[in-house]
Every structure is written in structure tokens, then in C-alpha cells.
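All remarks here apply to the structure that follows.
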Amino acid sequence: MSVSPIPSYMMSVYVPSIGAADKLEQNDYEYQEILQELAAMGIASSGDKATDKLKLETAKNVLEMLQSQSASSLKERDSIPFDDIMNTLNLQITGDLDEDYNTTIDELDYEIYLASSDEEEAYYQALKDQVESEYNTAKENRISYSSGYNQTSLISQYMTLMGL
């Protein structure tokens with residue numbers, strides 16, 4: 001029997017410290033979150049954590065940009081393009097494009113009917129033509145904005161273009 005110069009209580013297998021083990025687990029957890037967020041956005045993982053983290057950050061930035069543009073577009077869409085004419089006619093603006101259009105056209109038809117001269121009739125007819133034109137343009141813009149607008153698809157296209 002041989003006696004070892006190293007006492008048995010000092011002989012052990014290397015076990016990483018608790019802090020290091022926690023850090024490894026945290027990194028894996030962080031990467032799992034990254035993968036989940038990428039999947040939710042429809043973006044394929046590269047398999048590399050650093051690259052995927054960059055993809056996610058870029059996608060979030062693009063999404064933020066799209067949402068801010070969307071918010072400003074919504075404000076523009078919700079405004080009544082012929083509100084100045086409604087104010088001229090002393091009409092109450094509700095903010096509902098169709099309702100305000102119908103109210104304005106009805107009032108202009110009434111003013112055309114009551115016109116006391118050809119000039120007055122031509123004035124109200126010109127206002128009516130302007131309201132109809134602005135209304136139709138607003139409706140077309142609303143339809144084109146809402147059809148096929150998909151932020152996830154836009155992000156994926158952007159990421160593809162960027163080579164990410």
C-alpha cells in the first residue's frame with residue numbers, strides 16, 4: 001500500500017465554480033430567447049449566437065422604424081382632407097371620413113340649390129368637386145396602405161437584402 005503525498009480531501013475532480021456554471025446557463029438561456037424572437041419574426045437562425053444577436057437587434061430596429069412610420073401614416077389617414085371646407089361651411093368634423101364626406105356633400109348640394117347667382121352656384125360646385133376628389137384620393141390611399149402590409153414580411157425582406 002502506498003501513501004500519497006496529497007491528502008484525499010484535496011483530491012477532487014475539477015468542478016467549475018457556481019458563478020461560471022450560472023454564466024454558461026445564462027448564455028444558453030439568452031441564446032434560446034434570441035432564437036425564439038427570431039423565429040417569431042420569421043427570421044432563420046444562422047447557428048451562431050453573435051450573428052443571431054446582430055440579426056435580432058437589426059430586426060428590432062427595422063420594426064421600430066416601421067412602427068413609427070405606421071403611426072405617422074395612421075395620423076395622416078385619420079385626418080379629414082377637406083376639413084378646411086367643412087370649417088368654411090361651419091360643419092362639425094367627426095373624424096370619420098365617410099360620415100364627414102356625406103355631411104359635406106349634403107351641405108354643398110343644399111348650398112348649390114339655394115345659390116342666388118351663377119357665380120355662387122359655380123363656387124359651391126367647385127368646392128363639391130374638390131371634396132369629392134380629396135375623398136376619393138383618401139379612400140385610395142387607405143386601401144393601398146391596408147392591403148398586403150405585413151411588417152414581418154418587410155423585416156424578412158430587409159434582412160435578406162442586408163445579407164443577415
Side-chain angles (χ1 to χ4, degrees), residues 25-164:
E25 191 175 306
Q26 181 183 16
N27 286 341
D28 291 340
Y29 179 72
E30 178 186 27
Y31 190 45
Q32 291 305 314
E33 281 186 25
I34 291 170
L35 292 175
Q36 287 174 350
E37 289 185 56
L38 286 175
M41 292 180 172
I43 302 170
S45 169
S46 68
D48 178 58
K49 180 179 178 179
T51 303
D52 287 346
K53 192 171 187 174
L54 176 63
K55 278 184 168 187
L56 181 61
E57 289 171 1
T58 304
K60 283 181 177 180
N61 289 338
V62 170
L63 183 59
E64 225 174 88
M65 179 184 67
L66 290 172
Q67 287 173 339
S68 69
Q69 287 175 350
S70 171
S72 66
S73 293
L74 285 173
K75 286 179 187 173
E76 291 171 14
R77 284 187 3 207
D78 290 342
S79 68
I80 305 301
F82 46 87
D83 61 351
D84 54 336
I85 295 172
M86 291 185 75
N87 287 330
T88 301
L89 297 170
N90 293 321
L91 297 174
Q92 182 68 37
I93 299 170
T94 66
D96 180 277
L97 182 63
D98 294 327
E99 183 179 334
D100 287 345
Y101 169 76
N102 290 330
T103 302
T104 306
I105 293 299
D106 289 346
E107 180 64 24
L108 288 169
D109 284 340
Y110 180 72
E111 294 294 335
I112 290 169
Y113 175 76
L114 291 179
S116 59
S117 67
D118 289 341
E119 292 83 21
E120 190 178 1
E121 182 179 339
Y123 169 76
Y124 286 114
Q125 184 61 50
L127 288 179
K128 182 179 176 182
D129 293 342
Q130 181 180 347
V131 168
E132 288 173 341
S133 173
E134 290 176 355
Y135 172 78
N136 290 331
T137 300
K139 286 296 259 189
E140 288 172 13
N141 288 344
R142 185 176 286 178
I143 290 169
S144 68
Y145 178 81
S146 64
S147 64
Y149 183 73
N150 182 339
Q151 289 183 345
T152 303
S153 122
L154 290 173
I155 291 172
S156 294
Q157 290 172 6
Y158 176 81
M159 300 295 281
T160 303
L161 288 173
M162 297 303 295
L164 296 173

Only distances under 3.5 Å count here; give the side-chain donor-acceptor pairs of residues 39-48 to other protein atoms, sequence neighbours excluded, each with its distance to 0.1 Å.
residue: Ser45; atom: OG; partner: Gly47; partner atom: N; Å: 3.0
residue: Ser45; atom: OG; partner: Asp52; partner atom: OD2; Å: 2.5
residue: Ser46; atom: OG; partner: Asp48; partner atom: N; Å: 3.2
residue: Ser46; atom: OG; partner: Asp48; partner atom: O; Å: 3.4
residue: Ser46; atom: OG; partner: Asp52; partner atom: OD1; Å: 2.8
residue: Asp48; atom: OD2; partner: Thr51; partner atom: N; Å: 3.1
residue: Asp48; atom: OD2; partner: Thr51; partner atom: OG1; Å: 2.8

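The stretch residues 110-124 participates, sequence neighbours left out, in no salt bridge (Lys or Arg N to Asp or Glu O under 4.0 Å) pair at all. For residues 86-116, the ring pair (Phe, Tyr, Trp, His ring centres under 6.0 Å) pairs, not counting sequence neighbours, are Tyr101-Tyr135. Applying the salt bridge (Lys or Arg N to Asp or Glu O under 4.0 Å) test to every pair with at least one member in residues 37-47, sequence neighbours left out, gives these pairs: Glu37-Lys60.
Just one of Leu91, Thr103, Leu89 meets the side chain to side chain contact (heavy atoms under 4.5 Å, CB included) condition when paired with Leu108; it is Leu89.
Applying the side chain to side chain donor-acceptor pair (under 3.5 Å) rule to Thr94 yields the partners Asp100; only residues at least two apart in sequence or on another chain are considered. Judged as a side chain to side chain donor-acceptor pair (under 3.5 Å), and not counting sequence neighbours, the contacts of Asp109 are Lys128. A search for side chain to side chain donor-acceptor pair (under 3.5 Å) contacts involving Glu134 returns Gln130, not counting sequence neighbours. Residues satisfying the side-chain contact (heavy atoms from CB on, under 4.5 Å) test with Asp129, not counting sequence neighbours, are Gln125, Glu132. Take Asn102 and apply the side-chain contact (heavy atoms from CB on, under 4.5 Å) test, not counting sequence neighbours, and it matches no residue.
For the atom pair CD (Glu107) and CD1 (Ile112), the distance works out to 10.5 Å, reported to the nearest 0.5 Å. The line from NZ of Lys49 to CG of Leu54 is 14.0 Å long, rounded to the nearest 0.5 Å. To the nearest 0.5 Å, the span separating CG on Leu35 from CD on Glu30 amounts to 10.5 Å. We find the CD1-CG distance between Ile85 and Leu127 to be 5.0 Å, quoted to the nearest 0.5 Å.
Shown here for Ile93 and Ile80, the closest heavy-atom pair between the two residues is CG2-CG1, 4.0 Å.
Side-chain atoms of Lys55 and Ile34, non-hydrogen and from C-beta on, never get closer than 4.5 Å to each other.
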